[in-house]
Amino acid sequence: MLSSATCHVEAIMEARRAYPFDRIEPKWQRIWRERRVFRAANPGEPGAQKPKYYVLDMFPYPSGRGLHVGHLEGYTASDIVARYKRMRGFNVLHPMGWDAFGLPAEQHAIATGIHPRITTERNIANFRAQIEAMGFSYDWSREIKTTDPGYYRWTQWIFLQLFRRGLAYVAEAPVWYCPALQTVLANEEILPSPEGPVSERGHHPVERRPLRQWMLRITAYAERLLADLDLVEWPESIKEMQRNWIGRSEGAAIRFPIEGKDVSVEVFTTRPDTLFGATYLVLAPEHPLVSEITRPECRTAVEAYQQEVAKKSDLERSELSGGKTGVSLGSFAINPASRERIPVWIADYVLMSYGTGAIMAVPAHDERDYEFATLFGLPVRSVVRPADSSDPPARCFSGEGIACSSRFLDGLPTREAKKAMIAWLEEKGVGKRTVQYRLRDWLFSRQRYWGEPFPIIWRNGKAEAVPETELPVLLPERKEFSPEKGGFAPLSQEKSWVELPDGGRRETNTMPQWAGSCWYYLRYLDPANGQALVSPVAERYWMGPQGVDLYIGGAEHAVLHLLYARFWHKFLYDIGVVSTPEPFHRLVNQGIILGEDGRKMSKSFGNIVNPDGLLREYGADTVRLFEMFLGPLEQMKPWSSQGLEGPHRFLARVWRLVMEEDAEGRWTPRPGLSTEEAPLEVRRILHQTIRKVTDDLEQLSFHTAIAQMMILVNALTRQLVQWRCVLEPLILLLSPFAPHLCEELWSALGQTDSLAYARWPEADPRLLAEEEAEWVIQINGKVRGRMTAARSLGREEAEALARRRPEIEAWIEGKSVQKVVFVPGKLLNFVVGPS
RNA sequence: GCCCACGUGGUGGAAUGGCAGACACACGGGACUUAAAAUCCCGUGGGAGGCAACUCCCGUGUGGGUUCGAAUCCCACCGUGGGCACCA
């Protein structure tokens with residue numbers, strides 16, 4: 001009973017198999033693997049005399065859930081490009097590896113007691129099997145994983161170089177702490193949410209805590225990270241996000257002396273031209289000078305306010321909580337321009353972490369200052385008027401205009417006034433031109449087990465570098481993975497590892513997951529090198545002249561991985577390890593694939609598409625083709641399981657152009673393939689297809705390339721004979737998309753070599769230029785007729801021909817033709833008026 | 001609030017100043033078959049007229065503009081998605 005039901009199901013599965021993908025796909029995967037077809041040649045090896053092409057995927061974190069259709073989209077696109085470029089004669093580097101440190105494996109270990117290494121290995125094996133089943137042409141001899149000591153040795157090495165040059169340091173600062181994950185997180189790993197800030201991973205609530213942590217001085221590279229965005233071909237939206245994140249603003253630092261004290265408060269402003277309108281100062285409540293400046297009679301109120309602010313969460317401090325608060329310090333500062341006494345306040349709308357932690361308030365020209373001044377009855381002095389009005393505006397005006405009531409600035413437009421004021425400040429020695437960035441230093445330590453140990457030993461309260469010869473500092477084995485209560489890292493429990501005989505203690509924090517992914521694209525170039533992270537020869541060959549030629553991945557890393565990696569790359573450039581200022585020349589983001597219901601794929605919606613079932617039912621070539629046929633690569637698009645039928649039927653049609661099935665269900669090459677030249681209209685459509693597919697591949701417009709191949713195949717299906725000279729180029733054109741099927745047909749046509757390095761077909765320009773064209777004839781811009789005539793027709797001939805056509809005559813009859821627009825080879829437009 | 005994308009049939013999309021809807025899904029009809037599946041062929045934006053081949057009108061979020069001609073360029077608005085948000 002049971003077995004007959006199984007037989008029945010198998011019979012159905014067998015019946016719906018339109019071509020034997022289940023046999024040919026594993027076959028060709030085995031051949032590619034055994035013959036090492038996709039090994040890329042390093043300098044000195046045969047093949048390295050070709051020009052190089054480096055096409056890179058964002059390597060995955062091997063999660064327990066396996067690959068999803070979104071991964072497959074990006075990986076299929078990059079694989080198509082890799083296969084295409086090989087056929088165009090490039091030595092293609094197309095590697096894959098594993099971003100294998102990270103929180104999920106560690107959380108799983110805490111829950112189950114299974115070592116993260118074991119889960120990670122298991123997940124990697126699963127990912128690799130899925131990737132191989134898709135037929136991707138990776139050079140597996142270059143596979144890397146970030147958890148490998150031979151790899152993280154060099155992650156630690158880079159950290160040491162940063163440390164030596166003062167770019168890695170320990171500081172106590174208010175940092176984001178996540179109680180659920182029991183670790184600190186970087187600014188870039190925090191997301192806003194209606195309930196307040198949450199962690200990027202897991203969406204747990206996070207809070208500010210003052211802690212001593214390792215920081216990387218990414219701010220030292222702010223200017224170059226900003227300026228060099230002009231060197232790369234990235235989506236404008238990603239560049240813009242990085243620009244906003246870096247947040248450069250030009251202005252002036254101005255010192256305000258405090259009346260009766262020997263101190264002054266420095267403020268940063270982008271509007272030095274409004275200095276004459278500065279009617280009070282505001283310091284951040286945490287500003288170090290607050291206690292010194294506060295008058296005795298205000299001290300109680302000020303301290304109470306400071307405590308109140310310290311208790312507030314960041315959410316409460318943000319504008320969502322409504323009105324502004326603050327208290328006066330009772331003291332006065334001197335406005336260096338107007339010489340006026342102006343009061344000094346503290347308020348939590350001024351942040352200690354930006355600029356100097358103090359501002360000059362110009363309520364007439366800043367919305368926030370205006371709101372505060374109105375609330376506390378502080379004076380408002382207008383010093384800029386709009387360019388189109390002679391009067392200063394009644395309320396706050398924050399735009400650019402003309403300076404007024406500002407003595408030596410009067411009459412100057414804002415831009416000029418800023419320059420004049422900065423010159424004046426510099427001359428008087430009370431201020432100077434300054435550039436500020438929103439970017440903060442990168443919080444680099446985590447209180448977790450499953451990460452790279454820091455190569456640092458503490459002696460007498462000082463951090464010392466572990467000698468490079470002792471790298472890697474190995475992550476010790478553990479059975480217990482929970483972080484200690486109170487923010488101590490798990491490694492601190494590993495006494496025999498932490499405590500050194502000479503009294504030194506190892507650093508017990510580990511690096512964040514981003515560390516390993518900051519430079520992995522360099523290790524692929526020379527993955528087994530034990531002397532250096534990459535040999536200079538391999539680096540110059542693969543990274544020259546502009547770095548990775550094409551980098552495909554998700555947009556979610558816009559200000560995380562992509563900013564961090566640029567920072568490390570620029571540092572490695574400065575110390576001579578790499579030869580290009582930017583790592584990734586051309587970046588393309590694949591769009592998110594939504595569930596069938598149009599919502600984001602998620603467990604809670606139950607709309608996640610598992611690729612394994614699709615591969616069984618349709619085969620890898622169909623899944624690859626369909627992923628590309630969904631729509632433009634960069635666009636967000638919904639999945640459609642029904643839609644798979646189209647590409648599947650298309651591949652089966654291609655198969656049947658070459659193969660035929662006998663009575664026993666065996667497929668054999670069709671006898672009677674013509675070796676003659678195909679008719680002109682068939683050759684013409686073939687060469688149009690060659691041209692279109694080639695152009696579209698260069699632009700990564702895969703879905704339109706597929707559509708064109710469908711047009712060609714539909715035309716061939718209608719023919720009674722098939723021609724070898726048409727089928728061969730078609731198979732080559734299709735092979736980057738559906739490599740297994742094409743390899744099988746290629747060998748069925750008698751070819752003995754893999755087509756992976758076969759020469760890409762070239763379009764014959766003579767066949768593209770058609771002599772006849774279909775001309776469109778318009779009357780007043782509306783199509784009223786068409787005619788087939790020579791493409792080369794001149795204006796007069798074309799017009800005369802068109803006028804003779806009855807459908808056109810009818811429209812012109814009795815009207816006056818005022819003008820005739822002529823587009824050679826394409827179109828005529830008669831502009832007619834009433835009679 | 002500010003910045004950036006995007007808006008086209010029942011659906012995914014094509015066309016980026018010159019034939020709107022290529023290609024595909026879905027749907028409908030037909031051929032083959034004892035039957036079904038598969039395959040192949042035909043139709044498929046809306047409306048009006050005609051027995052018919054066909055003809056005309058409307059139509060690319062909404063309103064305006066530029067142009068002989070606009071899905072495409074410009075202005076305003078509406079909607080969707082993403083990013084930033086007291087950064088002085």
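Lettering follows sequence order; numbering is per chain, from 1.
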### Task
For E660(A), check side-chain contact (heavy atoms from CB on, under 4.5 Å) against everything at least two apart and list the hits.
T668(A), R670(A), P671(A)
### Task
Could you work out the separation of U62(B) and G79(B) based on their P atoms and round it to a whole Å?
15 Å
#### Entry: Six-ring centre of W176(A), R440(A) cation under 6.0 angstrom, axis tolerance 45°
no
### Query
Base, sugar-phosphate, or nothing for V823(A), non-hydrogen atoms under 4.0 angstrom?
base
### Distance test, side-chain N/O of R243(A) to OP1/OP2 of C3(B), below 4.0 Å
no
### Query
Between N244(A) and C4(B), is there a side-chain N or O to OP1/OP2 distance below 4.0 Å?
no
### Query
Nearest of A88(B), G18(B), A20(B) to any side-chain atom of N829(A)?
G18(B)
### Task
Using the P atom on both, measure C58(B) against G63(B) and round to a whole Å.
14 Å
### Message
Categorize I711(A) for me: base, sugar-phosphate, or nothing, with a 4.0 angstrom heavy-atom threshold over every strand shown.
### Response
sugar-phosphate
### Message
If you compare every side-chain N and O of R649(A) against the phosphate oxygens of A38(B) (OP1, OP2), does one of them come in below 4.0 Å?
### Response
no
## Note on the structure
Side-chain atoms of N714(A) come closest, of A85(B), C19(B), C23(B), to C23(B)
### Task
Using atom CD1 of I246(A) as one end and atom P of C84(B) as the other, report the distance to the nearest whole Å.
14 Å
Could you pull out the protein-nucleic contacts involving nucleotides 5-16 of chain B (nitrogen or oxygen on both sides, under 3.5 Å)?
{"residue": "G12(B)", "atom": "O2'", "partner": "L630(A)", "partner atom": "O", "Å": "2.6"}
{"residue": "G13(B)", "atom": "OP1", "partner": "Q635(A)", "partner atom": "NE2", "Å": "2.6"}
{"residue": "G13(B)", "atom": "O3'", "partner": "H703(A)", "partner atom": "NE2", "Å": "3.4"}
{"residue": "A14(B)", "atom": "OP1", "partner": "H703(A)", "partner atom": "NE2", "Å": "2.5"}

#### Entry: N-O pairing of E661(A) and R656(A) below 4.0 Å
no
### Message
Check the orientation of F372(A) and F376(A). Use parallel for under 30°, tilted for 30 to 60°, and perpendicular for over 60°.
### Response
tilted
### Query
Please, which pairs that meet side-chain hydrogen bond (donor to acceptor under 3.5 Å, both in side chains) have at least one residue in residues 700-713 of chain A, sequence neighbours excluded?
T689(A)-Q708(A), D696(A)-T704(A), S701(A)-T704(A)
### Task
Would you mind reading off the distance between Q688(A) atom CD and C23(B) atom P, rounded to a whole angstrom?
13 Å
### Task
Write down the distance separating the P atoms in A31(B) and A24(B), rounded off to the nearest Å.
23 Å
### P atoms of G7(B) and A15(B), separation to the nearest Å
12 Å
### Test side-chain contact (heavy atoms from CB on, under 4.5 Å) applied to V823(A) - qualifying residues, sequence neighbours left out
K826(A), L827(A)
### Message
Just the rounded figure in Å: distance from P of C25(B) to CD of Q642(A).
### Response
10 Å
### Message
Please pick, from A24(B), C41(B), A88(B), the nucleotide with the shortest atom-to-atom distance to any side-chain atom of R718(A).
### Response
C41(B)
### Message
Applying salt bridge (Lys or Arg N to Asp or Glu O under 4.0 Å), can you list everything that pairs with D366(A), at least two apart in sequence or on another chain?
### Response
R368(A)
### Query
What interatomic distance, in whole Å, is found between P of U60(B) and the corresponding atom of G9(B)?
10 Å
### Query
Starting at CZ of F626(A) and ending at P of C23(B), how long is that distance when rounded to a whole Å?
18 Å
### Query
Quick one: side-chain contact (heavy atoms from CB on, under 4.5 Å) partners of R649(A), sequence neighbours excluded?
E645(A)
### Task
Select one nucleotide: of A88(B), C25(B), C19(B), the one nearest the side-chain heavy atoms of E645(A).
C25(B)
### Query
salt bridge (Lys or Arg N to Asp or Glu O under 4.0 Å) with R415(A): which residues, sequence neighbours excluded?
none
### Task
Any pair with a residue in residues 779-788 of chain A that passes salt bridge (Lys or Arg N to Asp or Glu O under 4.0 Å), sequence neighbours left out, goes on the list, sorted by first then second residue, please.
none
### Query
Starting at the 5' end of RNA chain B and moving along, which residue's nearest nucleotide shows up first, E774(A) or P647(A)?
E774(A)
Taking only N/O atoms, report every protein-nucleotides 53-58 of chain B pair under 3.5 Å with atom names and distance.
{"residue": "C57(B)", "atom": "OP1", "partner": "R784(A)", "partner atom": "NH2", "Å": "3.1"}
{"residue": "C57(B)", "atom": "OP2", "partner": "R784(A)", "partner atom": "NH1", "Å": "3.1"}

### Task
Report the residue (G355(A) or W245(A)) whose heavy-atom-nearest nucleotide on RNA chain B is the more 5′ of the two.
W245(A)
#### Entry: Approximate separation, where rounding is to 0.5 Å, of L439(A) CG and R243(A) CZ
15.0 Å
### Task
Report which part of the nucleic acid S249(A) touches: base, sugar-phosphate, or nothing (heavy-atom distance under 4.0 Å, all strands).
sugar-phosphate
### Message
Under a 3.5 Å cutoff, is there a donor and acceptor pairing between the side chains of E371(A) and Y349(A)?
### Response
no
#### Entry: Whole-angstrom distance between A71(B) and G45(B), as gauged at atom C1'
15 Å
### Task
Take Y370(A) and S398(A) through the test side chain to side chain donor-acceptor pair (under 3.5 Å) and record every step on the way to the result.
CA-CA 10 Å; Y370(A) 183 81; S398(A) 56; over 6 Å; no
### Task
For G17(B) versus C73(B), give the span between their P atoms, rounded off to a whole number of Å.
8 Å
### Message
Between K826(A) and G18(B), is there a contact of a side-chain N or O with OP1 or OP2 at under 4.0 Å?
### Response
no
### Query
Between E627(A) and K637(A), is the closest basic N to carboxylate O distance under 4.0 Å?
no
### Query
Counting side-chain heavy atoms from C-beta on, which of A26(B), C19(B), C84(B) comes nearest to Q778(A)?
C19(B)
### Task
Identify whether any heavy atom of T269(A) sits under 4.0 Å from a base atom; if not, whether one sits that close to sugar-phosphate; answer base, sugar-phosphate or nothing.
sugar-phosphate
### Query
Does OP1 or OP2 of C40(B) have a side-chain N or O of R653(A) closer than 4.0 Å?
yes
### Query
Which letters describe nucleotides 43-50 of chain B, given B = protein heavy atom under 4.0 Å from base, S = only from sugar-phosphate, - = neither?
--------
### Task
Using the P atom as the reference point in each nucleotide, state the distance between G21(B) and G46(B) in Å, no decimals.
14 Å
### Query
Which residue pairs pass the salt bridge (Lys or Arg N to Asp or Glu O under 4.0 Å) test with at least one member in residues 699-711 of chain A, sequence neighbours excluded?
none
### Query
With a 3.5 Å cut-off and just heavy-atom distances, do the side chain of E240(A) and the base of G83(B) make a donor-acceptor pair?
no
### Query
Rounded to the Å, how far apart are E556(A) CD and G83(B) P?
11 Å
### Task
Give the rounded distance in Å between these two atoms: CG of D369(A) and P of A88(B).
12 Å
### Task
Can you tell me which stems RNA chain B forms, taking runs of 3 or more consecutive Watson-Crick or G-U pairs with both distances under 3.5 Å?
B:1-7 with B:78-84, B:10-12 with B:23-25, B:27-31 with B:39-43, B:45-49 with B:54-58, B:61-65 with B:73-77
### Summary
Ranking A88(B), G83(B), C40(B) by distance to the side chain of M241(A), first place goes to G83(B)
### Task
Grab the CZ-C1' distance between R786(A) and G18(B) for me, whole Å please.
12 Å
### Task
For the pair E681(A) and R684(A), find out whether any cationic side-chain nitrogen is under 4.0 Å from an anionic carboxylate oxygen.
no
